[in-house]
Amino acid sequence: MRPMKVKLQDVIDGIDMVSEDSTCYLDRETGEVLFISEIADNDYDDDILELLEEGSDRFIEFPSQWDRNDYQTMVDFIESLPQGKEQNLLAISINGSGAFRRFKYTASELGLLDDWYRFLNNAHRELAIEWCEDNEIEYEE
């Protein structure tokens, strides 16, 4: 089965959508990204859902939220900053439960939220490119 050429942004969006309760797949035949949720209706043809359940090689699963590892991306972002007050405050913010919420609040207070989202988007873009290459999926920008 020859892989379809996909839009890189579709892969990035799929990676962004994956959570504990959902995953995304790429349909190698159509190039379509399928979003499958455990808690919402999956609006796909029964034949497609059956093929997914059977583990058909027609579909490639996107990286999981654990593969995405946004916590490590926060650590990498903090380490990319110059040493000083901002780096220290953000490092403190990611300790313990509620780390993502505190990190975003602190980044916002420091005027770094846009920088954070650019950094996060770039990390997801790199993961998407790596995933495409690992699965021999042609992509376009």
Side-chain angles (χ1 to χ4, degrees), residues 1-46 48-141:
M1 190 176 311
R2 187 177 181 281
M4 298 288 298
K5 187 176 257 189
V6 298
K7 291 186 176 157
L8 186 60
Q9 189 59 52
D10 290 345
V11 176
I12 295 167
D13 292 344
I15 288 171
D16 287 344
M17 291 171 39
V18 172
S19 70
E20 255 181 70
D21 302 321
S22 62
T23 191
C24 284
Y25 297 87
L26 177 68
D27 183 334
R28 287 181 187 255
E29 285 185 14
T30 66
E32 181 182 8
V33 174
L34 306 173
F35 176 74
I36 304 296
S37 174
E38 293 177 17
I39 57 176
D41 288 335
N42 296 308
D43 235 6
Y44 299 104
D45 183 277
D46 288 340
I48 296 290
L49 295 173
E50 188 175 320
L51 285 170
L52 279 168
E53 283 181 29
E54 292 171 357
S56 170
D57 65 356
R58 174 178 165 178
F59 305 97
I60 306 172
E61 187 173 353
F62 279 61
S64 73
Q65 70 180 34
W66 309 115
D67 295 324
R68 192 175 65 213
N69 198 351
D70 288 341
Y71 184 86
Q72 183 59 49
T73 305
M74 286 191 305
V75 171
D76 295 343
F77 175 73
I78 292 167
E79 291 175 353
S80 76
L81 296 172
Q83 289 186 345
K85 178 183 174 185
E86 292 172 338
Q87 190 183 54
N88 292 337
L89 289 172
L90 285 170
I92 291 167
S93 76
I94 63 171
N95 291 316
S97 65
F100 287 95
R101 179 186 45 79
R102 279 193 314 279
F103 174 84
K104 286 180 187 177
Y105 175 80
T106 304
S108 177
E109 290 295 305
L110 295 170
L112 296 173
L113 202 54
D114 288 341
D115 293 336
W116 158 245
Y117 283 119
R118 271 191 297 281
F119 192 90
L120 179 64
N121 290 338
N122 188 54
H124 289 185
R125 182 181 186 283
E126 289 175 15
L127 179 60
I129 290 170
E130 182 180 320
W131 179 84
C132 286
E133 290 173 353
D134 288 349
N135 289 286
E136 299 178 358
I137 303 295
E138 290 184 49
Y139 63 89
E140 58 191 13
E141 294 290 330

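- By the ring-ring contact (aromatic ring centres under 6.0 Å, His included) test, Phe119 is found to be paired with Phe77, residues two or more places apart in sequence or in another chain being considered.
- The side chain to side chain donor-acceptor pair (under 3.5 Å) search around Ser108 returns none, not counting sequence neighbours.
- Minimum heavy-atom separation, Leu26 to Gly31: CD1-O, 3.4 Å.
- Ile92 pairs by the side chain to side chain contact (heavy atoms under 4.5 Å, CB included) definition with nothing, not counting sequence neighbours.
- Here the side chains of Arg58 and Tyr25 are not in contact, with every heavy-atom distance at 4.5 Å or above.
- Every side chain to side chain donor-acceptor pair (under 3.5 Å) that Glu61 has, sequence neighbours left out, goes to Thr23.
- With sequence neighbours left out, the side chain to side chain donor-acceptor pair (under 3.5 Å) criterion links Asn88 to no other residue.
- One finds the CZ atom of Phe35 at 3.5 Å from the OG atom of Ser22 (value rounded to the nearest 0.5 Å).
- Residue pairs that meet the salt bridge (charged side-chain N to carboxylate O under 4.0 Å, His left out) test with at least one member in residues 110-124, sequence neighbours left out, are Asp115-Arg118.
- Salt bridge annotation for Arg102-Glu109: absent, with no cationic side-chain nitrogen under 4.0 angstrom from a carboxylate oxygen.
- With sequence neighbours left out, Tyr71 forms a side chain to side chain contact (heavy atoms under 4.5 Å, CB included) with Asn69, Met74, Val75, Ile94, Ala99, Phe100.
- For the atom pair CD1 (Ile60) and CG (Asp134), the distance works out to 10.5 Å, reported to the nearest 0.5 Å.
- Legend: residues meeting side chain to side chain donor-acceptor pair (under 3.5 Å) with Thr106, ordered by chain and number and at least two apart, are absent.
- Separation of atoms CD (Glu130) and CG (Asn135) is listed at 10.0 Å; rounding is to 0.5 Å.
- Of the inter-residue distances, the one linking Leu90 atom CG with Leu81 atom CG reads 6.5 Å to the nearest 0.5 angstrom.
- For the atom pair Phe59 CZ and Arg28 CZ, the distance stands at 11.0 Å (nearest 0.5 Å).
- Looking at Leu8 and Ile129, their side chains come closer than 4.5 Å, going by heavy atoms from C-beta outward.
- The two atoms that bring Gly14 and Val33 nearest to each other are CA-CG1, 4.4 Å, heavy atoms only.
- For Gln9, the side chain to side chain contact (heavy atoms under 4.5 Å, CB included) test picks out Ile12, Asp13, with sequence neighbours left out.
- Residues satisfying the ring-ring contact (aromatic ring centres under 6.0 Å, His included) criterion with Trp131, sequence neighbours excluded, are Phe62.
- Qualifying side chain to side chain contact (heavy atoms under 4.5 Å, CB included) partners for Gln83, counting only residues two or more places apart in sequence or in other chains: Gln87.
- Closest non-hydrogen pair, Cys24 versus Val18, comes out as N-CG2, 3.9 Å.
- Taking all atoms of both residues into account, the shortest heavy-atom contact from Ala123 to Thr73 is CB-CG2, 3.8 Å.
- Between the CG atom of Asn122 and the OH atom of Tyr117 there is a distance of 16.0 Å, given to the nearest 0.5 Å.
- Residue pairs satisfying the salt bridge (charged side-chain N to carboxylate O under 4.0 Å, His left out) criterion with at least one member in residues 70-87, sequence neighbours excluded, are listed as follows: Arg68-Asp70.
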